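Worksheet: the structure to be examined is printed underneath.
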2 protein chains.
Amino acid sequence: MEKTEGPAAARGRNRPPSQADVAALAGVSSQTVSRVANNRSNVEPETRDRVLSAMRILGYQRNSAARALTLGRFQVLGVVTFDVTAQGNARTLAAISRAAQRAGYSLNVVCVEDQTEEAVQQAVRQLTEQAVDGLVVIEAQILDRPGFNVSSGVPVVVADGDPERRFPSVDTDQAAGAAAATRHLLDLGHRTVWHLGGPQDSYAARRRAAAWHAALKAAGAPVPPLRFGDWTAASGYGIGRELAARPDVTAVFAANDHLALGLVRALHEAGRRVPEDVSVVGFDDLPESAYYLPPLTTVRQDFEEVGRECVAQLLRQIESPGESPTASVAVTPELVLRASTAPAPTAR
Amino acid sequence: MEKTEGPAAARGRNRPPSQADVAALAGVSSQTVSRVANNRSNVEPETRDRVLSAMRILGYQRNSAARALTLGRFQVLGVVTFDVTAQGNARTLAAISRAAQRAGYSLNVVCVEDQTEEAVQQAVRQLTEQAVDGLVVIEAQILDRPGFNVSSGVPVVVADGDPERRFPSVDTDQAAGAAAATRHLLDLGHRTVWHLGGPQDSYAARRRAAAWHAALKAAGAPVPPLRFGDWTAASGYGIGRELAARPDVTAVFAANDHLALGLVRALHEAGRRVPEDVSVVGFDDLPESAYYLPPLTTVRQDFEEVGRECVAQLLRQIESPGESPTASVAVTPELVLRASTAPAPTAR
DNA sequence: CAGCTTGGACCCCCTCGCAGC
DNA sequence: CGCTGCGAGGGGGTCCAAGCT
C-alpha cells in the first residue's frame with residue numbers, strides 16, 4: 001500500500017503542509033515528525049533524515065497557532081510605546097527587538113497614538129488578547145493612567161521608569177545624568193544653570209528636573225524658574241526665545257537634544273553665541289548631535305543596555321513565574337563633552 | 001444540579017478562563033459563548049446578558065491561538081525593517097501601526113540588524129512561521145538580496161520601492177522630489193548642483209541620484225561627480241569636508257536631512273557660509289530640520305500616507321486573494337523652502 | 001529484560017455544519 | 001424560522017503503551 005498519499009495529504013491542496021502531510025510522505029507517524037521538528041534526541045538518524053527531507057520537499061513550517069494552543073506559550077513579547085518617532089523610543093525598541101530575536105521571541109508592537117487612558121488600555125487589551133508571553137511598556141506616562149493594569153497575569157517590565165513601582169522597571173539613571181550635566185556647567189564657573197524641561201507628564205523629564213534642582217541646591221546655586229517643553233525642537237525654540245532674552249542666562253541644561261537644538265537656534269537668532277555667551281547641554285546623544293552647530297555636549301543614554309535588560313527581566317519572569325521579580329535596574333548614562341559648553345563669560 | 005461548576009471550570013485553576021468556563025458559569029453551551037463573543041445576532045438578549053456578565057466575572061479573553069487555528073487567519077501583519085532608528089523607517093512604522101490598528105490588526109515587527117541575506121531570510125522565516133496574514137517590507141535593500149522570497153504564499157507589500165517589481169509597492173515619488181530639489185537650486189542661478197547620495201545599496205538613494213542626474217541633463221548643466229554616504233550626519237560631514245574644499249561647489253542636494261546636517265557643519269568649519277556661499281537642500285523634512293542652523297530647505301516625505309497605503313494594499317490582498325494586486329502607488333513629496341538656499345553667489 | 005524508537009489516544013480552545021426544540 | 005447544543009475538526013504536544021533489538 002502506498003503511504004505517500006495519506007488522507008491528510010489528499011484532503012486539501014493549497015493549505016500549508018501539516019505534520020500529518022510530512023508524516024505521510026516520510027512514512028512515519030506525525031508524532032515522529034513532531035519529535036524531529038523539536039529536535040528531540042530519541043529518533044533514529046535514518047528516520048530523522050527521511051522526515052527532514054520530507055519537510056524540505058513539502059516546505060513544511062510548523063503552525064505557530066497550533067503550537068501556541070497546546071503549549072500555552074507564544075514566543076511573542078508585546079511592546080507598548082508612545083511615538084516610535086522619538087529617537088529614544090525607537091532606539092529602545094530596536095534594542096528590545098534584537099534581544100528578543102536572540103532569545104527566539106518575536107515582537108508584537110503597538111504604538112499608542114493619543115495619550116489617553118482609553119487608548120492605552122485598548123492597546124494592552126489588544127496585546128494580551130493577541131497572545132503575548134510578556135509585555136514591555138516603554139515610557140512611563142502610560143503607567144500614570146490610574147486605570148492601567150494588566151488583567152491577565154502577564155509579566156510586565158517597564159522601560160523608562162515606573163513612578164509607583166508597581167512593576168519591575170529598567171531605566172537610565174536619569175538623576176545621575178542630569179546631575180552630571182548640571183555640575184559640569186557649574187564647574188565651568190556659571191553662577192547657576194537654567195533647565196529646559198521635557199513634558200511634565202513624562203516621568204523621565206520630571207526626574208531630570210528634580211536632579212537638576214537638587215544639584216543646584218547642593219551647590220548653593222540659585223534656582224531659576226523651570227519651564228517644561230515637549231521634547232521637540234519647536235518647543236525648545238519657543239522657550240529658548242524667552243531664555244535668550246534674559247542676559248542672566250549663561251548656562252542651560254536641556255532635557256533632550258532636540259530641545260537643545262531649538263534652544264541653540266533661538267540663542268543664535270538673538271545674537272547670543274554658543275558656547276561663548278551661553279553654554280548648552282543636552283540629553284540623549286543622538287547620532288547627529290555631534291554634528292549640530294556647535295557640536296552638542298550631552299548626556300549619552302545607553303538604550304541598547306536598557307532594551308537588553310528589559311528582555312532579560314521579562315524572560316526571567318516568564319520562565320520562572322513564581323519568583324518575585326527583581327526590582328528596578330538603573331543604567332548609568334555618560335556625559336559627553338563637545339563644543340557647546342565653555343567657561344562662564346568672565347565679565348561682570 | 002448546580003451548573004456553576006462544570007468539569008471545565010474544575011480542571012485547573014490558574015489557567016486563563018476558556019469559553020467552557022464561561023459557558024459553565026452562564027449555564028449555556030460554549031457555542032453560545034462563542035456566538036456572544038463574536039457578536040452574532042442569533043442569541044436571545046437575556047442569554048447574551050448572562051453570558052456577558054459571566055465573561056466579566058471570569059475576566060474572559062478569547063484565546064487568539066485557538067481562534068487563529070480554526071480560522072486560519074491571525075489578525076496580525078508582519079513588518080520587516082532595517083534600523084527603526086532611521087527617522088524615515090520609524091515614521092513609516094508608526095503610520096503602519098496606526099493603520100493596522102484601525103483595521104483591527106496588530107503588528108509583528110522584526111528589525112533586521114545586519115544587512116546580510118541570511119539575516120533577512122531568517123526574519124522572514126520567523127515572521128511567516130509566527131503566523132502573519134501579510135508582510136510589509138520597509139526599505140528596498142532587503143529585496144535586493146536575490147535569495148529573498150516568501151515561501152508560504154503570504155501577501156507582501158513593499159514600502160520604499162521594489163526595484164524588480166516583484167511585489168506591489170508603495171513609495172514616495174523619489175524622482176519627483178529629487179528633481180524638484182535640483183531644479184530649485186538651478187533656478188536660483190547655480191551653474192550646477194552637486195549631489196551627496198545615500199547608501200548605494202538603497203534603492204531610494206539610487207533613484208534620488210538618478211533623478212538628480214536627469215534633472216541636470218535636462219537643464220544642460222554639467223554633471224559633477226557623485227559621492228555616496230550612508231544616511232548619517234557623520235558621513236555627510238566626511239564627504240562634506242571634501243566638497244567644502246572645492247570652491248566650485250555652490251549648491252548641494254543631499255539625499256537626506258542628516259547628510260545635509262553633516263555637510264553644513266563641514267562647510268561651516270571650512271568657513272563657507274550657508275546659504276550665502278553654498279546652498280543646501282535635504283530630503284525627508286524631519287521635525288527638527290526647521291531648527292537646524294540655518295533652517296533647512298528640504299523635500300518633505302509623507303510617511304503617514306505611505307504607511308496607510310501599505311496597509312490598505314495588504315488588506316486588499318488578504319481579503320481577496322484571487323485578484324492580481326495593484327501595482328505600485330507613488331506618494332508625491334513636497335519641496336519645503338527654508339533658509340539654507342539662496343541665489344548663486346554673483347561673482348566670477 | 002533493559003533501553004531504545006515509534007505510534008495511539010487524548011487534549012488545547014474555538015468555530016462551523018447540522019440537528020433539535 | 002428563531003435560538004440553542006452536539007460533534008467534528010484544525011495542527012501539534014504530552015503521556016503511555018507497544019514493538020524492536
Side-chain angles (χ1 to χ4, degrees), chain A residues 3 6-12 14-51 54-55 58-75 128-131 152, chain B residues 3 6-12 14-24 26-51 54-55 58 60-75 128-131 152:
Chain A
K3 278 272 205 170
R11 207 176 301 135
N14 51 9
R15 157 186 59 78
S18 69
Q19 278 187 357
D21 301 324
V22 176
L25 181 57
V28 298
S29 74
S30 59
Q31 297 72 333
T32 302
V33 177
S34 169
R35 280 189 271 260
V36 173
N38 292 299
N39 244 317
R40 293 290 157 72
S41 54
N42 52 346
V43 178
E44 190 89 352
E46 196 266 339
T47 313
R48 153 172 280 121
D49 286 347
R50 237 177 33 249
V51 171
M55 283 179 172
L58 262 31
Y60 172 75
Q61 292 203 163
R62 56 184 175 191
N63 181 323
S64 67
R67 216 175 129 71
L69 178 58
T70 48
L71 255 32
R73 289 185 333 162
F74 308 88
Q75 297 291 102
T128 52
E129 190 169 304
Q130 252 321 315
S152 32
Chain B
K3 276 271 203 171
R11 208 177 300 135
N14 52 8
R15 157 186 61 77
S18 70
Q19 277 188 357
D21 301 324
V22 176
V28 298
S29 74
S30 60
Q31 299 69 332
T32 302
V33 177
S34 170
R35 281 189 267 260
V36 172
N38 292 297
N39 243 317
R40 292 291 159 72
S41 54
N42 52 348
V43 177
E44 188 92 350
E46 196 266 340
T47 312
R48 151 170 284 121
D49 286 348
R50 235 176 35 246
V51 171
M55 282 180 173
L58 262 31
Y60 171 74
Q61 292 203 165
R62 55 183 175 190
N63 180 322
S64 66
R67 215 177 130 73
L69 179 58
T70 48
L71 255 30
R73 289 184 333 166
F74 308 88
Q75 297 293 102
T128 52
E129 192 168 303
Q130 252 321 314
S152 31

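Being a predicted model, the structure only gives us computed values, none of them experimental.
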Does A:R35 put a side-chain nitrogen or oxygen below 4.0 Å from OP1 or OP2 of C:dT6?
no

Please name the pair of heavy atoms, one in B:A65 and one in A:L69, separated by the smallest distance, quoted to 0.1 Å.
CB-N, 3.9 Å

When you check the phosphate oxygens OP1 and OP2 of C:dC13, does a side-chain N or O of B:Y60 lie under 4.0 Å from one of them?
no

Check every strand shown and say whether A:S30 touches a base, only sugar-phosphate, or nothing at a heavy-atom separation below 4.0 Å.
nothing

Considering heavy-atom distances to DNA chain D, does B:L69 or B:E44 have its closest nucleotide positioned more toward the 5' end?
B:E44

What does C:dG20 pair with, Watson-Crick or G-U, if both distances are under 3.5 Å?
D:dC3

Heavy-atom closest contact (B:S18 atom, B:Y60 atom, distance):
C-CE1, 3.7 Å

d(CG, B:N63; P, D:dG11) in whole Å
17 Å

Within the structure, does a side-chain N or O atom of B:N42 lie under 4.0 Å from either OP1 or OP2 of D:dT4?
no

Pick base, sugar-phosphate or nothing for B:V28, based on heavy-atom distances below 4.0 Å to the nucleic acid.
sugar-phosphate

Please give, in whole Å, the distance from D:dG10 C1' to B:F74 CZ?
11 Å

At 4.0 Å (heavy atoms only), tell me whether B:V43 reaches a base, stays on the sugar-phosphate, or touches nothing.
sugar-phosphate

Nearest heavy atom decides the nucleotide; on that basis, is B:T70 or B:R48 closer to the 5' end of DNA chain D?
B:R48

Think A:T32 has a side-chain N or O under 4.0 angstrom from the OP1 or OP2 of C:dG7?
yes

note: B:R40, atom CZ; C:dG17, atom C1'; distance rounded to Å ~ 12 Å

Across the strands shown, which category fits B:R62 at heavy-atom distances under 4.0 angstrom: base, sugar-phosphate, nothing?
sugar-phosphate

Do B:V51 and B:R35 come within less than 4.5 Å of each other through their side chains, counting heavy atoms only?
no

Contact between B:R67 and B:N38 at the side-chain level, heavy atoms closer than 4.5 Å - yes or no?
yes

Would you say a side-chain N or O of A:Q31 is under 4.0 Å from OP1 or OP2 of C:dA9?
no

